[in-house]
Amino acid sequence: MVCRHNDELEALVKEAKKVTDEGEVASYIPALAKADKHDLSVAIYYSNNICLSAGDVEKTFTLQSISKVLSLALVLMEYGKDKVFSYVGQEPTGDPFNSIIKLETMNPSKPLNPMINAGALAVTSLIRGKTAKERLDYLLSFIRRLTNNQKITYCREVAESEYSTSMINRALCYYMKQYGIFEDEVEAVMDLYTKQCAIEMNSLDLAKIGSVFALNGRHPETGEQVISKDVARICKTFMVTCGMYNASGEFAIKVGIPAKSGVSGGIMGISPYDFGIGIFGPALDEKGNSIAGVKLLEIMSEMYRLSIF
Ligand code: GLN
């Protein structure tokens with residue numbers, strides 16, 4: 001599948017790029033600090049399989065928090081809402097994505113939603129499989145069906161870099177294990193979670209996943225119902241309420257589409273029924289969202305009237 005370069009989109013990328021200097025690449029995962037902060041690419045994948053792009057859309061990046069939507073979709077289809085939402089809530093937090101505070105102040109002590117780290121760690125612990133390899137392979141095969149790209153895998157360097165430095169996530173795990181949110185060994189959950197976050201793709205692959213959500217779970221290329229309609233709806237709702245961390249409210253006003261970001265600088269956006277958007281721009285704002293990526297979506301939303309509200 002080729003994605004056609006589009007001049008109009010390139011002009012928007014150029015405009016949005018102006019804010020990259022105000023952002024910083026993530027460095028708390030050491031391997032992510034190597035990214036070039038001035039990168040910005042976008043792909044738009046339409047439901048009729050036309051794809052438009054601007055910037056270097058071949059460049060790969062790791063999903064980081066974007067993977068939270070995909071692991072959630074997988075476990076929701078496996079176990080259903082009742083079971084999954086007994087481990088993780090459905091409310092936004094207003095706190096940074098790795099905050100521990102609500103785990104202590106909420107009663108019962110379960111993470112408020114699956115888009116924050118605590119909630120995502122609980123979701124990852126539900127991924128089916130007897131061995132670590134089986135669980136990762138199960139998730140990867142789902143993501144390969146979503147992208148229709150059998151080559152998708154994870155980046156070992158980024159996974160190891162996060163695994164060896166991620167003490168706050170370990171703290172979240174231990175806290176939740178104490179309260180029975182999961183029974184797994186913390187290191188096993190951390191191993192799977194860091195590999196999940198390190199799953200690598202380019203903005204075209206990401207736009208294609210967005211288009212599956214835009215079509216309520218049906219893949220525009222293969223025709224396969226990869227995600228059930230109801231689960232796709234739940235995931236999009238979480239993306240609106242919590243997808244951009246503690247900037248989700250402002251993003252809903254300024255852009256107004258379901259979207260999920262990750263600290264590598266990726267953003268997946270969805271224009272319902274029409275197209276998926278994949279963006280990569282590693283310079284982040286203070287909330288951890290791609291600064292130029294958000295700017296680009298603001299410009300696109302205004303120009304093409306994308307807000308669903
Ligand atoms: N792997 C990252 C972490 O757990 C994901 C966070 C993010 O993208 N916001 O810190």
Side-chain angles (χ1 to χ4, degrees), residues 23-35 60-72 88 92-103 111-125 127 136 139 143 154-176 182 186-201 203 206 209 235 238-239 241-248 251 259-269 278-291 293-294:
E24 289 303 332
V25 301
S27 56
Y28 77 100
I29 298 173
L32 295 184
K34 293 181 184 166
T60 58
F61 52 92
T62 56
L63 287 179
Q64 299 304 329
S65 277
I66 303 170
S67 70
K68 292 169 178 169
V69 186
L70 311 181
S71 53
L72 175 68
V88 60
T93 68
D95 298 320
F97 62 84
N98 59 359
S99 173
I100 199 167
I101 192 163
K102 292 276 182 1
L103 281 183
L112 270 169
N113 70 68
M115 301 291 115
I116 50 171
N117 284 13
L121 287 157
V123 165
T124 295
S125 78
I127 293 175
L136 180 67
L139 177 65
I143 295 179
Y154 73 98
C155 170
R156 224 169 261 276
E157 186 196 352
V158 173
E160 279 166 13
S161 176
E162 179 168 21
Y163 182 79
S164 58
T165 54
S166 193
M167 301 309 150
I168 295 178
N169 284 336
R170 281 184 174 78
L172 293 169
C173 284
Y174 279 111
Y175 204 100
M176 289 190 290
F182 61 78
V186 168
E187 291 309 309
V189 177
M190 285 300 300
D191 177 57
L192 184 56
Y193 174 78
T194 48
K195 287 176 179 156
Q196 165 192 318
C197 288
I199 291 172
E200 199 171 27
M201 61 183 64
S203 22
L206 189 59
I209 300 180
C235 292
F238 273 124
M239 285 188 247
T241 56
C242 330
M244 303 297 283
Y245 318 126
N246 46 333
S248 299
F251 184 85
K260 183 74 202 88
S261 64
V263 287
S264 55
I267 304 179
M268 174 174 72
I279 289 181
F280 172 56
L284 307 179
D285 62 22
E286 74 286 356
K287 302 267 173 73
N289 293 315
S290 168
I291 192 163
V294 170

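Heads up: numbering here begins at 1 and tracks the sequence. The shown structure was predicted, so the numbers you read here are calculated from the model rather than taken from an experiment. Both counts, for ligands and for their atoms, begin at 1 and track the order of listing.
Salt-bridge annotation for Glu200 and Arg156: absent, with no side-chain N of the basic residue lying under 4.0 Å from a carboxylate O of the acidic one.
Between Val294 and Ile267, some side-chain heavy-atom pair lies under the 4.5 Å cut-off. Using a 4.5 Å cut-off on side-chain heavy atoms (C-beta onward), Ser71 and Ile127 make contact. Under the 4.5 Å side-chain criterion, counting only non-hydrogen atoms from C-beta, Gln64 is not in contact with Lys260.
Asp285 contributes a side-chain N or O that, together with a main-chain N or O of Asn289, makes up a donor-acceptor pair within less than 3.5 Å.
Of the heavy atoms in Thr194, none comes closer than 4.0 Å to ligand 1. At a 4.0 Å heavy-atom cut-off, ligand 1 touches Ser65 through backbone and side chain alike.
Listed by number with element, the atoms of ligand 1 under 4.0 angstrom from any heavy atom of Cys197 are 1 (N). Listed by atom number, the atoms of ligand 1 under 4.0 Å from Tyr245 heavy atoms are 7 (C), 8 (O), 9 (N). Near Gly262, meaning under 4.0 Å from any of its heavy atoms, are these atoms of ligand 1: 8 (O).
In this view, Tyr245 and Phe97 satisfy the ring-ring contact (aromatic ring centres under 6.0 Å, His included) rule, not counting sequence neighbours.
Tyr28 OH, 2.5 Å is the protein heavy atom nearest to atom 10 (O) of ligand 1. Given atom 3 (C) of ligand 1, the protein heavy atom at minimum distance is Glu162 OE2, 3.0 Å. Scanning the protein heavy atoms around atom 4 (O) of ligand 1, the nearest turns out to be Tyr193 OH, 2.7 Å.
A donor atom on one side chain and an acceptor atom on the other are found under 3.5 Å apart for Gln196 and Ser67.
At least one heavy atom of Asn117 sits under 4.0 Å from some atom of ligand 1.
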